Amino acid sequence: MPQVLEFSDVVVRRNARDIVDHLDWEVSDDQRWVVLGPNGAGKTTILQLADTLIHPTSGAVTILGERLGRTDVFELRPRIGFASSAMARRIPAEETVLNVVLTAAFSVVGRWREDYEDIDERRALRVLAEWRLEELADRTFGTLSDGEQKRVQIARSIMTDPELLLLDEPTASLDLGAREELLTLLGGYAQAPTTPAMVMVTHHVEEIPVGFTHVLLLREGRLVAAGPLAEALTAESLTETFGTPIALREEDGRFTARAAR
Ligand SMILES: Nc1ncnc2c1ncn2[C@@H]1O[C@H](COP(=O)(O)OP(=O)(O)O)[C@@H](O)[C@H]1O
Ligand SMILES: [Mg+2]
């Protein structure tokens, strides 16, 4: 399977501290990764590297076969989808749902070109339907619930048919119903054969959708464990990652964790 991401001895140094500390990591196109770790572990920084937004201080990052620093990121970036709350804050509240998704085709936030190709509009409507947003196409982004806004962000990041999809805490701040609805959609998407490689950041094992295959556990910029969920996600690796004794349970492909007794 072709490599989508390759991190080789990657360091990101900020204020004399290695916030990513000699990380080796490989993602191939049939894998769906969850990145887990406490606040400040470096999860968002890793997604920013994978989205070409920052460069490593040392080491090599290769994305879709292109080595960061030796390639034109403006050609690479349209091949990557990225949804995060930082990005959502830049979406104008008065923009309609259809336009938020449609304008992704031009890699801009906000509508600037009036003569959209029909094909873009048809694709946008199909993506909206896939993420259960078709009824909301004409609503403005600012009037949506948190859960609906998250689905719009993901729909927007998928609109360009990316070869790599990055999601930074897509289920954060959602109520139980909205979280479960989104996890069901993410799980269905993750299991579809045409879906690109995915990397999803979260704080909670409860938020790992069914269909995700691999996990990267990070603590203070360092890799604690990485690999297939069944091997790398254990009470021991979670205990080391979060620095407190954790017990882990799995049921029907979903996980729960709590303090070990
Ligand atoms: N530009 C920056 N300058 C200084 N410190 C930073 C910068 N970006 C991130 N950090 C620090 O690096 C650590 C990792 O950040 P981040 O990747 O956002 O963690 P996470 O997403 O896992 O919570 C944090 O301690 C954060 O404060
Ligand atoms: Mg973060």
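The shown structure was predicted, so the numbers you read here are calculated from the model rather than taken from an experiment. Quick note: numbers below take in every heavy atom, side chains included, and nothing from hydrogens, waters or symmetry partners. The first residue of the sequence shown is numbered 1, and numbering continues consecutively from there. For ligands, and for the atoms within them, numbers begin at 1 and follow the listed sequence.
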For the residue pair E6 and V61, establish whether any side-chain heavy-atom pair is separated by less than 4.5 Å. no

How far is atom 27 (O) of ligand 1 from its nearest protein heavy atom, and which residue and atom name does that atom have? R17 NH2, 4.4 Å

For ligand 1, the portion of R14 having any non-hydrogen atom under 4.0 Å away: side chain

Quick one: closest heavy-atom pair of L223 and D24, and the distance? CD1-O, 3.5 Å

Non-hydrogen side-chain atoms of L68 and V73 separated by less than 4.5 Å: yes

Starting from atom 18 (O) of ligand 1, find the nearest protein heavy-atom neighbour and note its residue, name and distance. T44 CB, 3.6 Å

Go through ligand 1 atom by atom and flag the ones less than 4.0 Å from a non-hydrogen atom of T45. 15 (O), 16 (P), 17 (O)

Closest by any non-hydrogen atom to atom 20 (P) of ligand 1: pick that one out of S84, G40, A16. G40

Go through ligand 1 atom by atom and flag the ones less than 4.0 Å from a non-hydrogen atom of G42. 14 (C), 16 (P), 17 (O), 19 (O), 20 (P), 22 (O)

So do L144 and R139 actually touch side chain to side chain, heavy atoms under 4.5 Å? yes

Please work out, at 4.0 Å between heavy atoms, whether the side chain, the backbone, both, or neither of N15 comes within that distance of ligand 1. side chain

Is the distance from the Mg ion (ligand 2) to the nearest N/O/S atom of T44 under 2.8 Å? yes

Using a 4.0 Å heavy-atom threshold (strictly under), name the region of I19 that reaches ligand 1: side chain, backbone, both or neither. side chain

Do M198 and L186 have side chains that approach each other closer than 4.5 Å (heavy atoms only, starting at C-beta)? yes

Test item: R151 and L185 side chains (from C-beta on) under 4.5 Å apart, heavy atoms: yes

Under 4.0 Å from any heavy atom of N39, which atoms of ligand 1 are there? 23 (O)

Any heavy-atom pair between the side chains of D138 and V97 that's under 4.5 Å? no

